[in-house]
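Inspection log for the structure reproduced underneath, given as structure tokens.
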Amino acid sequence: MKLEIKLQPQPHFKKQVEKERRKIKRIDVDDIGHIILFLAALTGIWQLIFSLGIFPKISLPSPAMVAQSFAVLFANATLITSIGMTMWRLVISFSISIFLGVGVGLLMVRFRSFGKTMSSFAVGLQSFPSIAWVPFAILLIGLNDFGIFFVVIMSSIFSVMTSTYSGIGNIPTIYLRAAENMGANGLSLFRFVMIPAATPSLIVGIRQAWSFAWHALIGAEILIAASVGLGHILLVGREFQLMDQIIASMIIIFAIGFVVDRVVFNKLEDKVRSRWGLNQTKE
Amino acid sequence: MLSKDESQSLQNILQIKNVSKVYYSNGGGDSVAAAYNEHVVLNNVNIDIKNGEFVTIVGPSGCGKSTLLNIVAGIDRTHSGEIAIYGQSTDSITTDVDRNRIMIFQEAALFPWLTVRENVEFGLKIANVSKDKRREIAIHYIEMVQLSDFADAYIHQLSGGMKQRVAIARALALNPKILLMDEPFAALDVRTRQLLQKQLLQIHQSTKKTVLFVTHNITEAVALGDRVILMSPYHENIKKEFRINLRHPRQLNHPIVDAITKEILQESKDFEHNEIGDKIAATATF
């Protein structure tokens, strides 16, 4: 309440913000240290099991053998093209999924009875295993990229849909009233109030949708037998008993998932939450 | 020459004419008649407000004061009667929301994804005011509410009192003719409330805006208003009007304020036999 009465410049204010920021950065560095330690321990255990000779070499190669396979895959550009191809598929199908998901979500808001029915339906479809779409996609569309797109879209679109629906549906009426009172209506209300007000919920939904899309994409690449892609390396690896390649590809799949979720979405969600004032735990 | 009627309406910036409001709720009966419960909120209310006047409406919860304010703001619809601004019915301008009356809500209703300055600029942005111009206007009003140091802060970084000051700046930025305030200081602590009351009076003095201010706090109503309208929950209408002949700039704790507060309390004695009455009496003194 001191700030209220004094009404004088508050030099601490900016300093405090700066301090908080620095604190967050330090935690980041600590986190990375812990992750490296964890990975080192994991590799150690792996090496130990390998050295004990429980499994034949062909079933469980050593970390060094996998590293070598990495180098080979990298040198002959298989890895780069595979990552590129998989990411390209992801970007295309995930964009379509967000676009259509937000669109249908808005229709659900506009037509309430449709929204009610669709949202209970969508919740059911969210837990529908993505791989179960594959035979349907193969027969309907074929063994091609479009079949893969279909599986990815069907696996992720419902999360986008429901988060759009609930995000916009749960905007406090007072925001809309205040905005309308200040002259916002139709498009301006939508653009300047509804979209930003629903953003935190939308980001949570898109993050979940990304995770579903990623699962579906790798699964579909294996089962629809794409010619290139991270899933394809797994498929070939299984057929030719190239366990080192399989593990190398798995590591890449894990790393991409980790980076996108931890770095991209975590940062984005954190930024949005703190800006929207949803992180009120400090001090 | 203007006719008497016309000159009257020019003087009265806001006219509330025979406004009634009825809510229907589903009673769950079998017959059509029994299926609806009729609940009268406002019954034929008439108020004329002069340009630049500071009018406060006070009454216990359930007397319809907030509903009345919402109707004036155009947020709620009347059942019958009309709201006129400079003699022109607002019904004729319902499609394009006019910004001649801006509402300030109890919970500031600021947008958390915008900074203080962006919040103040919001209505101007909607009205397609150029970027430089709206920045200039926003900074002016942020200064007026003494929040210049917080222009780039986000809403969650502010205290409750600061939030209400931003809401006031945001309303003023649109240069409305009438400020509508729905218990804007009810959620604040006593010291902050007094500070904001003082600031509001200063702003009223310097901008000469017409203010319609709803509260359930009698002392607040008397301290701020040129005219206090006491509403009764039983008649869904005005019980009595009090003119506060105190010159501006005012002192909030002037003896006359106390005297009139007591008088209004006396007047609302007939509410006292139920809990509504207790509530209004309890909030009259700090």
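The analysis underlying the following values was restricted to heavy atoms, covering all of them including side chains, and did not include hydrogens, waters or symmetry mates. Lettering of chains follows the sequences in order, A, B, ..., and the numbering in each one begins at 1.
- With respect to the salt-bridge test (charged N to carboxylate O, under 4.0 angstrom), the residues B:Lys65 and B:Glu183 qualify.
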Apply side-chain hydrogen bond (donor to acceptor under 3.5 Å, both in side chains) to B:Ser66 and B:Asp182, showing your working. CA-CA 7 Å; B:Ser66 286; B:Asp182 189 7; 3.0 Å; yes

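- In this structure, chain A has a heavy atom under 4.5 Å from the backbone of B:Leu110, while its side chain stays farther away.
- For chain A, no part of B:Gln106 is nearby; none of its heavy atoms comes within less than 4.5 Å.
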Mind running ring pair (Phe, Tyr, Trp, His ring centres under 6.0 Å) on A:Phe192 and B:Trp113 for me, showing each step along the way? CA-CA 10 Å; A:Phe192 296 124; B:Trp113 57 90; over 10 Å; no

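- With a threshold of 4.5 angstrom between heavy atoms, A:Val193 approaches chain B through its backbone and through its side chain.
- Salt bridge annotation for B:Glu121-B:Arg170: absent, with no cationic side-chain nitrogen under 4.0 angstrom from a carboxylate oxygen.
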